[in-house]
Amino acid sequence: MIIAIPINDNSDNTTICPSFGRSPYYFVFNTETKAKEYMVNSAAQSAGGAGIAAAQLLVDRGVNVVIAPRSGQNAADVLLGSGIEIYRSVGDNLKANIEAYQNGLLNKLSDIHPGFHGHGG
Amino acid sequence: MIVAVLSGKGGTGKTLVSVNLASVVEGDSIYVDCDVEEPNGHLYFRTEESDKNVETISRLYPVVDSSKCLLSQNKDACAKCVDFCRFNALARVGERVQVFDQVCHSCGGCYIVCPARAITEEARPIGHVYDYKVGNTRVLSGQMQTKQAFGIPIIAKILEMAKGSTLPTIIDCPPGSACTVMESIKDADFCIVVAEPSVFGAHNMKMVVQLLRLFEKPFAAILNKYVEGAENPSETLCEEENIEVLHRIPFDVQIAHYHSEARIAAEEEDRFKEMFESILKRITRRFGGEM
């Protein structure tokens with residue numbers, strides 16, 4: 001099982017980033033091998049469609065679960081369409097959320113927002 | 001001569017300046033409302049709907065035939081269209097390509113790069129353009145349909161309609177400094193930035209000024225809602241950035257009153273007519289008196 005979480009920094013002390021598509025990094029964690037990675041989100045600088053491109057990165061990385069505070073509709077379409085589950089994070093503590101997920105304490109993200117499009121032209 | 005009227009934020013007075021300038025041109029003129037997301041110029045130039053020439057504007061969207069797409073055989077076979085799109089309008093979702101219409105810019109690239117010829121383009125309506133005349137003013141405007149997010153093809157069409165003419169043309173731009181504004185000013189000979197006395201107004205005016213300098217457009221400012229002696233961040237910006245101030249339109253309740261009733265101030269009172277005539281004169285002087 002590979003989990004991806006949007007994060008603000010590429011360090012252990014980082015926090016969960018409130019934006020899914022434009023977070024600078026993803027924390028990618030393999031629950032079986034315990035391998036962890038701070039994956040650069042190359043989609044963050046996109047002029048438009050960052051959520052779509054970011055979701056595509058995670059699909060291509062073989063991620064099974066995304067934990068995030070929220071997700072835009074387009075990103076959710078790509079993630080869910082590819083069989084990835086999205087869970088809602090609680091607070092911004094990275095470790096606490098991974099533990100909560102593994103203990104079955106996180107809920108599926110149900111209220112997908114319509115996105116924040118059209119502000120960059 | 002083509003004059004484009006811009007602003008950073010909405011509500012600073014673009015339409016006020018545009019409709020009044022178009023109105024005080026001697027002889028025939030063209031007024032173009034490029035704010036296709038929220039057009040309001042037609043409120044000032046009224047005529048029967050039946051007297052307007054209306055044309056539907058469509059744009060092309062990619063449609064993927066999943067049975068022809070190479071992904072249908074192997075989910076890692078190809079991602080050429082996805083990789084090509086710099087707007088991220090396509091994504092590889094399982095064994096198929098999903099198109100996000102709202103993000104697509106209709107460039108046609110995905111159609112060209114598809115090795116399986118699985119992508120075709122389909123025209124879908126996105127809005128309308130209107131062409132009509134009120135008095136001496138030819139009015140060109142566009143309106144984007146609801147649920148659409150990309151009005152550039154409509155703006156391009158109304159500007160193309162205006163292009164064939166040598167008449168003095170006033171372009172009422174959309175607010176801001178995004179693609180829609182760039183499209184609106186690209187043919188302009190001169191630009192006017194209308195600014196209001198607020199911090200927000202000055203902040204967004206600065207972005208428009210950067211855009212105009214990038215496009216190497218000659219421009220000047222009009223300070224609207226001007227109060228003598230009061231703090232004016234936009235005026236300060238003009239001083240700092242060496243921006244010529246064409247005119248200071250006073251914060252006058254009578255102008256606001258006319259404008260809120262969709263009346264053209266210059267056609268209501270001589271003092272406003274004279275004010276906009278003098279602004280127009282200052283602009284035309286820069287072009288050797290030809291307007």
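Below, chains carry the letters A, B, ... as their sequence lines are ordered, and counting in each starts from 1.
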Visitor: Which atoms of B:F100 are under 4.5 Å from chain A, going by heavy atoms: the side chain, the backbone, both sets, or neither?
Guide: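 Only the side chain of B:F100 comes within 4.5 Å of chain A.
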Visitor: Here's a test for you: under side-chain contact (heavy atoms from CB on, under 4.5 Å), which of A:V59, A:D60, A:V78 qualifies with B:R92?
Guide: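 That would be A:D60.
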Visitor: With side chains defined as the heavy atoms from C-beta onward, is the minimum distance between B:V82 and A:Q56 less than 4.5 Å?
Guide: yes
Visitor: Give the minimum heavy-atom separation between A:S82 and B:G94, together with the two atoms involved.
Guide: OG-N, 3.8 Å
Visitor: Checking B:L90 against chain A: side chain, backbone, both or neither under 4.5 Å from a heavy atom?
Guide: backbone
Visitor: Please name the pair of heavy atoms, one in A:I52 and one in B:V103, separated by the smallest distance, quoted to 0.1 Å.
Guide: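 What the structure gives for the nearest pair is CD1-CG2, 3.8 Å.
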Visitor: Check whether more than 12 heavy atoms from other residues, nucleotides or ligands sit under 6.0 Å from atom OH of A:Y38, and answer yes or no.
Guide: yes
Visitor: Does any backbone or side-chain atom of B:V181 lie under 4.5 Å from a heavy atom of chain A? Answer side chain, backbone, both or neither.
Guide: neither
Visitor: So with a 6.0 Å cut-off around CD of B:E241, is the heavy-atom count from everything else above 12?
Guide: yes
Visitor: Taking atom NZ of B:K147 as the centre, report whether more than 12 heavy atoms of other residues, nucleotides or ligands fall under 6.0 Å from it.
Guide: no
Visitor: For A:A50, which atoms come within 4.5 Å of any heavy atom of chain B: side chain, backbone, both, or neither?
Guide: backbone
Visitor: For B:A149, is it the side chain, the backbone, both, or neither that has a heavy atom closer than 4.5 Å to a heavy atom of chain A?
Guide: neither
Visitor: Does atom CZ of B:R213 have more than 12 heavy-atom neighbours from other groups under 6.0 Å away?
Guide: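 Yes, enclosed.
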Visitor: Between the side chain of B:N88 and the main-chain N/O of A:G51, is any donor-acceptor distance below 3.5 Å?
Guide: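 Side chain of B:N88 to backbone of A:G51, a donor-acceptor pair under 3.5 Å: no, none is there.
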Visitor: Using a 6.0 Å cut-off, check whether atom CD of A:Q45 has over 12 heavy atoms from anything other than its own residue.
Guide: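 No, CD of A:Q45 has 12 or fewer neighbouring heavy atoms, counting only those of other groups under 6.0 Å.
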Visitor: Can you tell me if B:Y111 has over 12 outside heavy atoms packed within less than 6.0 Å of its OH?
Guide: no
